[in-house]
Amino acid sequence: MGEALDHKGFLAAVPAETREELTARDDAPALRHLLRHAGLILVFQVYVAFGLPLWWVMPLPLGVALAFLFTLQHECTHKTPFETGWINETVGHVTGFLIFQPFEWFRAFHMAHHRFTNDPERDPELEVPKPEGRGPFLWYLVGLRYWRAKIIVLLANAGGGDDVDYLTDRIRPRIKREARLMLLGYALLAVTLFWSSLIFWVWLLPLILGFPVLRLYLLAEHGRCPAVADMFENTRTTLTTTAVRFLAWNMPYHAEHHAWPAVPFHRLPEVHALAERHLKRVSPGYGAFLREYVSEDLASRG
């Protein structure tokens with residue numbers, strides 16, 4: 001691969017044996033990763049629940065660990081983390097319940113995002129514009145509009161879903177059933193608040209605190225990337241720490257994921273090594289991305 005390639009040229013240049021190796025699915029790496037991620041959440045929850053020393057600082061890291069279950073659910077929409085299909089489905093639904101994001105709906109939404117990445121007319125992620133200006137940026141991180149949208153989606157899905165292209169008649173019954181079961185589950189858990197505030201301290205409050213961190217992470221995936229067909233240009237890869245890659249299930253290698261979504265999360269570092277010289281949007285870290293995002297916004301405003 002001498003010259004820089006777009007994502008299609010890159011994929012065409014990968015040898016068949018390498019393609020087969022990198023797209024092979026395996027339950028074991030994902031189960032190990034899931035046990036570590038779930039174990040981290042459980043340790044933080046026990047720490048808060050038992051009021052151990054400085055417990056009141058733990059809801060934030062707990063919330064970050066909970067919010068980043070989004071990246072696991074995201075992978076399950078592609079059916080790549082686990083070889084066994086029912087495990088993908090179960091994990092997708094459970095994580096969806098925990099982060100208030102219905103799995104069946106998100107799979108349809110996300111597949112449309114992959115088909116039309118950064119297309120201003122057809123990418124459903126762009127229905128809510130990226131924040132421009134300090135005020136909108138801070139409002140974006142707080143996420144009140146996000147939580148409002150999640151409630152609206154759940155209620156709409158319980159009635160069969162909104163009239164959008166990516167929700168076909170074939171999947172609407174599943175979306176309706178899922179939303180109604182989720183709402184029933186939330187109602188039953190809400191009743192427990194009359195006897196105990198435990199779920200507020202170990203789930204709801206931490207999730208609210210952790211979501212701004214996830215929102216910043218998500219903004220880096222496509223924020224300020226051009227509306228072009230090349231996945232190496234319309235999607236950003238962010239070089240970051242091992243801890244962030246762990247929490248995000250290697251999704252900071254996001255251009256690699258968009259170029260080759262059939263690759264399981266644990267093989268993405270290998271894809272990055274192959275594709276690195278062809279990537280057109282790479283940030284050296286989330287702090288660097290944030291500084292660049294803010295500086296570009298200030299420059300555009302004179």
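What you see below is based on every heavy atom in this structure, not just the backbone, and it leaves out hydrogens, waters and symmetry mates. The first residue in the sequence is number 1, and the count goes up from there. Being a predicted model, the structure only gives us computed values, none of them experimental.
- Note that CD1 of I175 is 11.5 Å distant from CG of L154, once rounded to the nearest 0.5 Å.
- Residues F44 and F246 share a hydrophobic cluster, clusters being chains of Ile/Leu/Val/Met/Phe/Trp/Tyr side chains in contact below 4.5 Å.
- Within a 6.0 Å sphere centred on NZ of K130, other residues, nucleotides and ligands contribute more than 12 heavy atoms.
- Side-chain contact check for K8 versus M231: every heavy-atom pair is 4.5 Å or farther apart.
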Which pairs of donor and acceptor atoms, one on a side chain in residues 202-216, lie under 3.5 Å apart (sequence neighbours left out)?
{"from": "W203", "atom 1": "NE1", "to": "L98", "atom 2": "O", "distance (Å)": "2.9"}
{"from": "R215", "atom 1": "NE", "to": "Y140", "atom 2": "O", "distance (Å)": "3.1"}
{"from": "R215", "atom 1": "NH2", "to": "Y140", "atom 2": "O", "distance (Å)": "3.3"}

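- Residues satisfying the side chain to side chain donor-acceptor pair (under 3.5 Å) criterion with E276, sequence neighbours excluded, are absent altogether.
- The ring-ring contact (aromatic ring centres under 6.0 Å, His included) pairs that include a residue from residues 151-180 are F109-Y166, where partners are two or more places apart or lie in different chains.
- Residues L219 and P131 form a side-chain contact, since some pair of their non-hydrogen atoms from C-beta on lies under 4.5 Å apart.
- In this structure, T241 and V244 have side chains that are in contact, with non-hydrogen atoms separated by less than 4.5 Å.
- Heavy-atom minimum distance, R25 versus H78: NH2-O, 4.2 Å.
- For residues 58-69, the set of pairs meeting the side-chain hydrogen bond (donor to acceptor under 3.5 Å, both in side chains) definition, not counting sequence neighbours, is empty.
- Listed for the R180 side chain is no donor-acceptor partner under 3.5 Å among the backbone atoms of N157.
- Within a 6.0 Å radius of CD in E127, other residues, nucleotides and ligands contribute more than 12 heavy atoms.
- In this structure, F289 CZ and T238 OG1 are separated by 7.5 Å, a value rounded to the nearest 0.5 Å.
- A donor-acceptor pair under 3.5 Å links the side-chain atoms of H254 to the main chain of M251, judged by distance alone.
- Judged by distance alone, the side chain of R281 and the main-chain N or O of F232 form no donor-acceptor pair under 3.5 Å.
- Remark: the backbone N or O of G223 is paired with a side-chain donor or acceptor of R236 at under 3.5 angstrom.
- With no hydrogens or angles considered, a side-chain donor-acceptor pair links T237 and E256 at under 3.5 Å.
- Taking 4.0 Å as the cut-off between side-chain N and carboxylate O, R224 and E292 do not count as a salt-bridged pair.
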Under the side chain to side chain contact (heavy atoms under 4.5 Å, CB included) rule, what do D119 and L126 come out as? Steps first, then yes or no, please. CA-CA 8 Å; D119 182 332; L126 298 181; 5.9 Å; no
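- Note that SG of C76 is 4.5 Å distant from CG of L72, once rounded to the nearest 0.5 Å.
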Quick one, W105 with I171, criterion side chain to side chain contact (heavy atoms under 4.5 Å, CB included). Give me CA distance, side-chain angles, the key distance, then yes/no. CA-CA 9 Å; W105 169 85; I171 66 174; over 6 Å; no
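- A single hydrophobic cluster is seen to contain both I199 and I41, as judged by linkage of ILVMFWY side chains at heavy-atom distances under 4.5 Å, directly or through other members.
- By the ring pair (Phe, Tyr, Trp, His ring centres under 6.0 Å) test, F265 pairs with H33, W249, sequence neighbours left out.
- Between Y217 and Y286, the ring planes are tilted. Angles from 30° to 60° get that label.
- D230 is linked by a salt bridge (charged side-chain N to carboxylate O under 4.0 Å, His left out) to K280, counting only residues two or more places apart in sequence or in another chain.
- Looking at H7 and H278, their side chains never bring a donor and an acceptor atom within 3.5 Å of each other.
- A donor-acceptor pair is defined here as one N or O able to donate and one able to accept, closer than 3.5 Å; no such pair exists between the side chain of Y47 and the backbone of L54.
- Closest approach of P264 to A24, counting heavy atoms only: CG-O, 3.4 Å.
- Electrostatic pairing of E104 and K176 does not count as a salt bridge here, judged by no charged N lying under 4.0 Å from a carboxylate O.
- Of the N and O atoms on the side chains of H93 and E178, at least one donor lies less than 3.5 Å from an acceptor on the other residue.
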Quick one: do H74 and H113 satisfy ring pair (Phe, Tyr, Trp, His ring centres under 6.0 Å)? Show the steps, please. CA-CA 12 Å; H74 157 269; H113 164 63; 8.4 Å; no
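- By the 4.5 Å heavy-atom criterion applied to side chains, E89 and R107 are counted as neighbours.
- Within a 6.0 Å sphere centred on CZ of R36, other residues, nucleotides and ligands contribute more than 12 heavy atoms.
- For the atom pair L193 CG and F200 CZ, the distance stands at 9.0 Å (nearest 0.5 Å).
- Applying the side chain to side chain donor-acceptor pair (under 3.5 Å) rule to S196 yields no partners; only residues at least two apart in sequence or on another chain are considered.
- Residue W195 belongs to a hydrophobic cluster whose other members are V191, F194, with links defined by side-chain heavy atoms closer than 4.5 Å.
- Other members of the cluster containing L144 are W139, V142, with ILVMFWY side chains joined at under 4.5 Å, either directly or via other members.
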What do the steps show when you test T84 against D27 for side-chain hydrogen bond (donor to acceptor under 3.5 Å, both in side chains), and what is the final call? CA-CA 7 Å; T84 305; D27 287 341; 2.5 Å; yes
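- Cluster annotation: I99 and Y186 are assigned to the same hydrophobic cluster (Ile/Leu/Val/Met/Phe/Trp/Tyr, side-chain heavy-atom contacts under 4.5 Å, transitive).
- Remark: the backbone N or O of A227 is not paired with any side-chain donor or acceptor of N118 at under 3.5 angstrom.
- The side-chain heavy atoms of H272 and L239, taken from C-beta on, include a pair separated by under 4.5 Å.
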Exercise answer: donor-acceptor pairs, residues 55-71 side-chain atoms, under 3.5 Å, sequence neighbours excluded:
{"from": "T71", "atom 1": "OG1", "to": "F68", "atom 2": "O", "distance (Å)": "2.6"}
{"from": "T71", "atom 1": "OG1", "to": "L247", "atom 2": "O", "distance (Å)": "3.3"}

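- If you check the side chains of H222 and T117, you find no donor sitting under 3.5 Å from an acceptor.
- Looking at heavy atoms from C-beta onward, Y253 lies in side-chain contact with R245 at the 4.5 angstrom threshold.
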Stepwise side chain to side chain contact (heavy atoms under 4.5 Å, CB included) test for R115 and R122: CA-CA 9 Å; R115 285 194 300 273; R122 295 185 291 179; over 6 Å; no
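- In this structure, CG on L268 lies 6.5 Å from CD on E75, to the nearest 0.5 angstrom.
- Hydrophobic cluster membership is shared by V282 and F10, with clusters built from Ile, Leu, Val, Met, Phe, Trp and Tyr side chains linked at under 4.5 angstrom.
- The two residues Q73 and G92 have their closest heavy-atom pair at NE2-O, 3.4 Å.
- The shortest distance between side-chain heavy atoms of F97 and P102 does not fall below 4.5 Å.
- Partners of T18 according to the side chain to side chain donor-acceptor pair (under 3.5 Å) rule, which considers only residues two or more places apart in sequence or in another chain, do not exist here.
- Other members of the cluster containing L188 are L184, with ILVMFWY side chains joined at under 4.5 Å, either directly or via other members.
- Proximity of T23 to W260: side-chain heavy atoms (C-beta onward) are separated by under 4.5 Å at one or more points.
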Give the intermediate values and the outcome of side chain to side chain contact (heavy atoms under 4.5 Å, CB included) for residues Q45 and V48. CA-CA 5 Å; Q45 287 179 324; V48 172; 5.9 Å; no
